[in-house]
Amino acid sequence: MPGTFYLLFLLLAVLGGIGAQRSVTIVEEDDPALDFSKTFTWQRFENPQWIGGDNFVNDYWHGGAAVAVSLAGASITLTFNGSYIAYYGDMNSDHGRIKVTVDGVDNIVNSFRQGGAAQQQLLFHQNVDADVPNHVITLTCLEAKQISFDYFAYMPAEPGSNFSDTANSSPSAINPSQSQQSEDTPAGGTPLADAKTTSGSMANQTSIIIASMFAALGWSLALVFLFLLLRLRRRRKDTTTLPYHEGSGDVLASFATSHTPSVYPSQYPSTTVTHSRSASNERPLTKQEMLIP
């Protein structure tokens, strides 16, 4: 059976490799791939981040730091090849609106939050055509209120790989008329509890479905191999039995019979002995005749 286990581990490794091919690329605020507008200075913030009073948060910014600006017209641009893009920043009561432009299409996002600071929020995300090279996303500050850039996250894909996942590629952003956001909903229309995600949970729905299918297949194969192994062991155990004694239908009875000591008449006197006598010579037996020599 060792060969069976080796085959199982090899299969699981292959399935894991297929799932790992769709990793998420994180672009932090200090990545050289980012193009900052030259006429505006972005301010850098690092952990621990002060959020008012005596309160500091050690993991407020993803990767340890972020940049922010409060000048209209300041921008950040990223060019990428992929099938999905997401923008993360923080929200606060002094934050304002952001124009998110993807491949020339503008979307308005509001990072204002009446309830105060909220870290690492999913402010915008969109599927794009993986077969089209060099997608461009640009963040532009629209007013004299602070906006932050924590990081981009995108699903890499080579153009021409036929791995497009953009049947519904409409962005998740707010309407320009929505200048105010409720405390429970960020700019992308996603509840704050759901928007607070890590980089490992940023795959789109199709990637999650594919990974789930491979995981289910792997576990199913593991259970099948385990069942076959247990069945084989049980079959081997059933074929090992005690030896059968001919003439006896019960093994234990045969064993008891074969170990019963033999009794011979010469060792023990008999109390009654019947002799064959003719009818004409009938008389009582004497004591000597009743004894066995």
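As a basis for the values below, the full set of heavy atoms in this structure was taken, side chains included, without hydrogen atoms, waters or symmetry mates. Computed from a predicted structure; not experimentally measured.
Using cut-offs of 30° and 60° for the angle between ring planes, the Phe36 and Trp42 rings count as perpendicular. The aromatic rings of Tyr88 and Tyr151 sit parallel to each other, their planes meeting at less than 30°, with 60° as the upper class boundary.
Contact check for Met155 versus Val24: side-chain heavy atoms found under the 4.5 Å cut-off. Side-chain contact between Phe152 and Thr25: absent, with no pair of heavy atoms (C-beta onward) separated by less than 4.5 Å. Proximity of Tyr84 to His125: side-chain heavy atoms (C-beta onward) are separated by under 4.5 Å at one or more points. Looking only at side-chain heavy atoms (C-beta outward), Gln126 and Asn107 come within less than 4.5 Å of each other. Between Phe80 and Val128, some side-chain heavy-atom pair lies under the 4.5 Å cut-off. Residues Trp61 and Ser148 have side chains in contact (heavy-atom distance under 4.5 Å, counting atoms from C-beta outward).
At distances below 3.5 Å, at least one donor-acceptor pair connects side-chain atoms of Ser111 with backbone N or O atoms of Gly96. Of the possible polar contacts, one joining the Asn81 side chain to the Asn134 backbone as a donor-acceptor pair under 3.5 Å is found. At least one donor-acceptor pair closer than 3.5 Å links the side chain of Gln120 to the backbone N or O of Tyr60. Looking at Gln49, its side chain never comes within 3.5 Å of a backbone N or O of Asn47 through a donor-acceptor pair. Asp150 places no side-chain N or O within donor-acceptor distance of the main-chain N or O of Ala66, the cut-off being under 3.5 Å.
Atom CG of Asp129 sits about 6.0 Å away from atom NE2 of His135, to the nearest 0.5 Å. Atoms SG and CZ, from Cys141 and Arg97 in turn, are 9.5 Å apart once rounded to the nearest 0.5 Å. Remark: Phe45 CZ to Gln146 CD distance equals 5.0 Å, nearest 0.5 Å. Atom OG1 of Thr79 is separated from atom CG of Leu34 by 10.0 Å, given to the nearest 0.5 angstrom. Here the CD1-CZ distance, from Ile137 to Phe124, works out to 5.5 Å after rounding to the nearest 0.5 Å. Ser93 OG to Gln114 CD: the interatomic distance, rounded to the nearest 0.5 Å, is 8.5 Å.
Across all non-hydrogen atoms, the minimal contact from His62 to Ile26 is CE1-CG2, 3.9 Å. The two residues Ala157 and Ser83 come nearest to each other via the heavy atoms CB-N, 4.4 Å. Across all their heavy atoms, Val67 and Ile76 have their closest contact at CG2-CD1, 4.3 Å.
Under the 4.5 Å side-chain heavy-atom criterion for grouping Ile, Leu, Val, Met, Phe, Trp and Tyr, Leu78 is connected to Val69 within one hydrophobic cluster. Ile98 and Phe40 fall within a single hydrophobic cluster, where Ile, Leu, Val, Met, Phe, Trp and Tyr are joined by side-chain heavy atoms under 4.5 Å apart, directly or via other members.
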Met91 and Leu123: side chain to side chain contact (heavy atoms under 4.5 Å, CB included), yes or no, with the steps?
CA-CA 9 Å; Met91 302 180 71; Leu123 298 177; 3.7 Å; yes
List the steps, then state whether side chain to side chain contact (heavy atoms under 4.5 Å, CB included) holds for Val57 with Gln119.
CA-CA 9 Å; Val57 179; Gln119 66 193 72; 3.4 Å; yes
Run Ile108 and Leu142 through side chain to side chain contact (heavy atoms under 4.5 Å, CB included) and show every step you take.
CA-CA 9 Å; Ile108 305 300; Leu142 291 179; 3.7 Å; yes
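With sequence neighbours left out, the side chain to side chain contact (heavy atoms under 4.5 Å, CB included) criterion links Asn92 to Asp94, His95, Ala117. The side-chain hydrogen bond (donor to acceptor under 3.5 Å, both in side chains) search around Thr77 returns Thr138, not counting sequence neighbours.
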